[in-house]
Amino acid sequence: ALLIAATVSGTAAAHGPQRPKVKVLATGLDNPRGIDIGPFGKPVVAEAATGEVLVIGRHGAKTLIEGLPTVTSPEGEATGPVNVAVGAWGKVYTLVGEGPRDVDARFGTMQKGSHGTFADIAAYQETDPDPADTEGEPGESNPYGIAALSHGRFLVADAANNDILLVGRN
């Protein structure tokens, strides 16, 4: 076994480190953020600058959900859909990040497909202030990460409120 290990490591060293294989699946996107794998193994991506969720197929990106809120700051930084999770039966849930709720109340929420708000994360965080807040805004919210669990539940990471939330249908 020692002889085989020495032969294998010697062969790998002689050829150098292996490079990863990279293949472009879609181009021309506008501020793609979070990504998950949807039905049939196709990537689903949140695109902050356009307010869309795209599915990536063999021939590039196609719009799956549109009309989500998006704004661009004077510095050119876009916010809008920041992440996606594909739940049971291929339903797509989208996190809309921090933004001006007076412009669109869907900022700071979790959307279920194109069917509306599943959870208002920003409204919840107003009732659950961050005890470690150092910026003077303890109820601030910026939902950013999401993972689908079983039974219609999700984990949501809130970057501004510094916590992980378990979000369910109720």
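The aromatic rings of F118 and F154 sit perpendicular, their planes meeting at an angle over 60°, well past the 30° parallel limit.
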Go through the steps for R153 and V167 under the test side chain to side chain contact (heavy atoms under 4.5 Å, CB included), then give the verdict. CA-CA 6 Å; R153 298 176 308 151; V167 178; over 6 Å; no
Do K42 and D36 pass the salt bridge (charged side-chain N to carboxylate O under 4.0 Å, His left out) test, and can you show the C-alpha distance, the side-chain angles, and the key distance before you say yes or no? CA-CA 9 Å; K42 293 182 178 179; D36 199 3; over 6 Å; no
Verify side chain to side chain contact (heavy atoms under 4.5 Å, CB included) between V45 and V84, making sure each step is shown before the conclusion. CA-CA 7 Å; V45 63; V84 293; 5.8 Å; no
Go through D130 and N162 one step at a time and tell me if the side chain to side chain donor-acceptor pair (under 3.5 Å) criterion holds. CA-CA 7 Å; D130 178 6; N162 298 310; 2.6 Å; yes
Does the side chain to side chain contact (heavy atoms under 4.5 Å, CB included) test come out yes or no for T79 and T70, once each step is laid out? CA-CA 6 Å; T79 188; T70 181; over 6 Å; no
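Side-chain atoms of T63 and E66 form no donor-acceptor pair, as typed in the model, at a separation below 3.5 Å.
Counting all heavy atoms, side chain and backbone alike, P143 lies closest to V96 at CG-O, 3.7 Å. E140 and D158 get closest at one heavy-atom pair: O-OD1, 4.5 Å. In terms of heavy atoms, N31 sits closest to A78 at ND2-CB, 3.4 Å. For the pair R169 and H151, the tightest heavy-atom approach, listed with the atom from each and the gap, is NH2-O, 3.5 Å. Closest heavy-atom contact between V86 and A148: O-CB, 3.6 Å. Here the closest heavy-atom approach between residue P43 and residue I35 is recorded as CB-CD1, 3.9 Å.
I37 and V44 fall into different hydrophobic clusters, where Ile, Leu, Val, Met, Phe, Trp and Tyr residues are linked whenever their side-chain heavy atoms come under 4.5 Å apart, directly or through other members. Neither L95 nor L68 shares a network with the other; the hydrophobic side chains, linked directly or stepwise wherever heavy atoms of I, L, V, M, F, W or Y lie under 4.5 Å apart, form separate groups for each. Both I146 and I121 are part of a single hydrophobic cluster, where members link through side-chain heavy atoms under 4.5 Å apart. Connection of I65 to L54 is not established within any shared hydrophobic cluster, with ILVMFWY side chains joined at heavy-atom distances below 4.5 Å, either directly or through further cluster members. Hydrophobic clustering (ILVMFWY, side-chain heavy atoms < 4.5 Å, transitive): Y93 and V82 are in one cluster.
One finds the CD atom of E52 at 10.5 Å from the CG atom of L29 (value rounded to the nearest 0.5 Å). Between the CD atom of E126 and the CG atom of N161 there is a distance of 10.5 Å, given to the nearest 0.5 Å. Here R33 contributes atom CZ and T94 contributes atom OG1; the two are 13.5 Å apart, rounded to the nearest 0.5 Å.
No donor-acceptor pair under 3.5 Å is formed between the side chain of T72 and the backbone N or O of G76. No donor-acceptor pair under 3.5 Å is formed between the side chain of D30 and the backbone N or O of A49.
Between R106 and T117, the closest side-chain pair of non-hydrogen atoms falls below 4.5 Å. Taking 4.5 Å as the limit, every side-chain heavy atom of V103 sits out of range of all side-chain heavy atoms of P69. The shortest distance between side-chain heavy atoms of Q125 and L165 falls below 4.5 Å.
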